[in-house]
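Step one of this worksheet: look at the structure below.
Just so it is clear, the model here is predicted, and its values are computed rather than measured. Below, chains carry the letters A, B, ... as their sequence lines are ordered, and counting in each starts from 1.
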Amino acid sequence: MCFYLGKGEQVTLHTWNVTYKEARELQQKLRAMLILTADEVYCDTIAGADVAYNNKQNKCIAACVLYSIKEQKIIETAVAVERITFPYIPGLLSFREAPAVLQAFKKLKGTFQAAMLDGHGFAHPRRLGLASHVALWIGKPTIGCAKSKLIGKFETPPDKAGSWTELHDKGEIIGVVLRTKKNTKPVFISIGNAVSLAQAIVLTLQCTTRYRIPEPIRASHNLLNQHKRIIS
DNA sequence: GCGACAG
DNA sequence: ATCTTGTCGC
């Protein structure tokens with residue numbers, strides 16, 4: 001699985017055992033490839049993914065699901081086990097998590113129009129978080145849905161489901177802080193790629209039921225708890 | 001130098 | 001993320 005950067009340059013998935021410096025440089029190159037002005041994406045099936053780790057065994061397992069927005073239910077699931085090849089470093093999460101996520105996505109038989117990842121997308125120091133990185137590899141629109149902040153400043157959104165405030169950094173809006181449920185901490189939504197922030201908010205709310213976490217990610221997380229033993 | 005820091 | 005017991009609140 002390769003990805004072409006142009007001018008003969010290419011990056012292979014298995015070359016992700018890069019140095020931290022190289023990882024940051026790659027992010028800057030990939031950042032220039034993001035599609036920030038996107039038309040409304042037609043999306044009835046959205047994918048979700050999450051990863052669990054076992055540092056003792058040096059393994060991780062990724063779970064992904066396909067969620068039908070119209071039927072409000074999971075229509076397919078898949079998991080993939082991978083070796084951990086990169087440490088957790090704030091800002092470089094995709095190098096640790098994306099390989100496993102991509103393997104899990106490859107196992108899906110059904111199609112989907114967009115994906116939601118458990119981390120930030122554009123709301124990243126170099127504007128290339130996990131969701132954006134994965135988007136460039138799968139060639140589809142993605143949304144970043146994180147449970148806590150990485151960077152940026154914001155005002156606490158009103159305590160009402162559906163309300164949100166902007167997440168700012170260096171003079172630009174990099175995402176929103178969205179209240180998916182009353183009396184509960186908000187989540188951080190940012191675009192991954194090829195989708196507008198406005199639609200990212202709409203899609204997130206369309207995937208949200210009675211819980212704080214949107215179904216695609218919540219279901220992936222639940223799926224992990226059922227398969228974690230595989231890597232222990 | 002100090003604080004912040006997705007999963 | 002992961003390690004962990006009970007506990008407070010909708």
Side-chain angles (χ1 to χ4, degrees), chain A residues 16 20 23-24 27 30-31 34 48-64 79-105 115-135 142-154 159-161 167-170 174-193 197 200 204 208-214 216-232:
Chain A
W16 282 14
Y20 304 154
R24 289 185 173 79
Q27 289 181 329
L30 297 177
R31 158 66 184 85
L34 295 183
D50 194 11
V51 182
Y53 301 88
N54 183 317
N55 297 311
K56 295 284 186 183
Q57 298 294 331
N58 197 41
K59 286 182 176 178
C60 64
I61 178 170
C64 64
V79 298
V81 173
E82 285 284 301
R83 226 183 62 174
I84 298 176
T85 61
F86 208 88
Y88 168 68
I89 298 172
L92 299 181
L93 175 64
S94 62
F95 290 86
R96 175 178 174 80
E97 194 148 314
V101 168
L102 293 174
Q103 286 304 313
F105 275 160
M116 183 177 284
L117 283 296
D118 67 323
H120 295 285
F122 197 75
H124 175 278
R126 290 166 293 284
R127 308 294 184 255
L128 202 103
L130 172 67
S132 302
H133 201 150
V134 168
T142 63
I143 295 169
C145 176
K147 294 179 288 297
S148 61
K149 187 190 76 172
L150 174 57
I151 59 163
K153 293 179 180 175
F154 65 95
D159 190 16
K160 182 189 177 197
L167 180 60
H168 294 87
D169 181 57
K170 294 178 179 174
I174 58 176
V176 299
V177 184
L178 176 65
R179 190 83 65 176
T180 51
K181 177 181 179 177
K182 194 177 186 300
N183 286 318
T184 307
K185 287 197 335 183
V187 295
F188 296 77
I189 302 299
S190 60
I191 67 164
N193 188 37
L197 182 55
T204 299
T208 302
T209 58
R210 84 183 71 171
Y211 306 99
R212 174 197 178 211
I213 306 299
I217 291 177
R218 202 178 72 83
S220 297
H221 197 79
N222 289 338
L223 192 60
L224 281 179
N225 288 325
Q226 297 172 35
H227 296 280
K228 268 181 186 172
R229 43 187 271 95
I230 297 177
I231 59 171
S232 59

When you check the phosphate oxygens OP1 and OP2 of B:dG7, does a side-chain N or O of A:Lys147 lie under 4.0 Å from one of them? yes
A:Phe188 ring center within less than 6.0 Å of A:Phe154 ring center: yes
Among B:dG7, C:dA1, B:dA6, the one nearest A:His221 by side-chain distance: C:dA1
Reading DNA chain C from 5' onward, which residue's closest nucleotide shows up sooner: A:Lys228 or A:Asn183? A:Lys228
With a non-hydrogen cut-off below 4.0 angstrom, is A:Gly91 in contact with a base, only sugar-phosphate, or nothing? base
Give one of base, sugar-phosphate or nothing for A:Tyr88, where a contact means two heavy atoms less than 4.0 Å apart. base
Rounding to a whole Å, what distance do you find between A:Ile151:CD1 and B:dC5:C1'? 11 Å
Basic-acidic side-chain contact under 4.0 Å: A:Asp118, A:Arg218: no
Output yes when a side-chain donor or acceptor of A:His120 lies under 3.5 Å from a complementary backbone atom of A:Ser148, and no otherwise. yes
Which nucleotide, C:dA1, B:dC5, B:dA6, lies nearest any side-chain atom of A:Lys149? B:dC5
Would A:Arg96 and A:Phe86 count as a cation-pi pair here, with the cationic atom under 6.0 angstrom from the ring centre and within 45° of the axis? no
Expressed in angstrom and rounded to an integer, what is the separation of A:Asp169 atom CG from B:dC5 atom P? 13 Å
In whole angstrom, give the distance that lies between atom OH of A:Tyr211 and atom C1' of C:dC10. 14 Å
Please report, rounded to the nearest Å, how far the P atom of B:dA6 is from the CZ atom of A:Arg127. 16 Å
Whole angstrom is fine here: how far is it from CZ in A:Phe154 over to C1' in B:dC5? 14 Å
Exam field: side chain A:Glu97 to backbone A:Asp50, donor-acceptor pair closer than 3.5 Å: no
Provide, to the nearest angstrom, the distance between the CG atom belonging to A:Leu93 and the P atom belonging to B:dG7. 8 Å
What's A:Ile84 touching, base or sugar-phosphate or nothing? Going by heavy atoms closer than 4.0 Å. nothing
From CZ of A:Phe188 across to P of B:dA6 the rounded distance in Å is 10 Å
Given B:dG7, is OP1 or OP2 found less than 4.0 Å from the side-chain N or O atoms of A:Ser148? yes
Rounded to the nearest angstrom, tell me the gap between atom CG in A:Asn54 and atom C1' in C:dT2. 9 Å
So A:Ala52, base contact, sugar-phosphate only, or nothing? Heavy-atom distance under 4.0 Å. sugar-phosphate
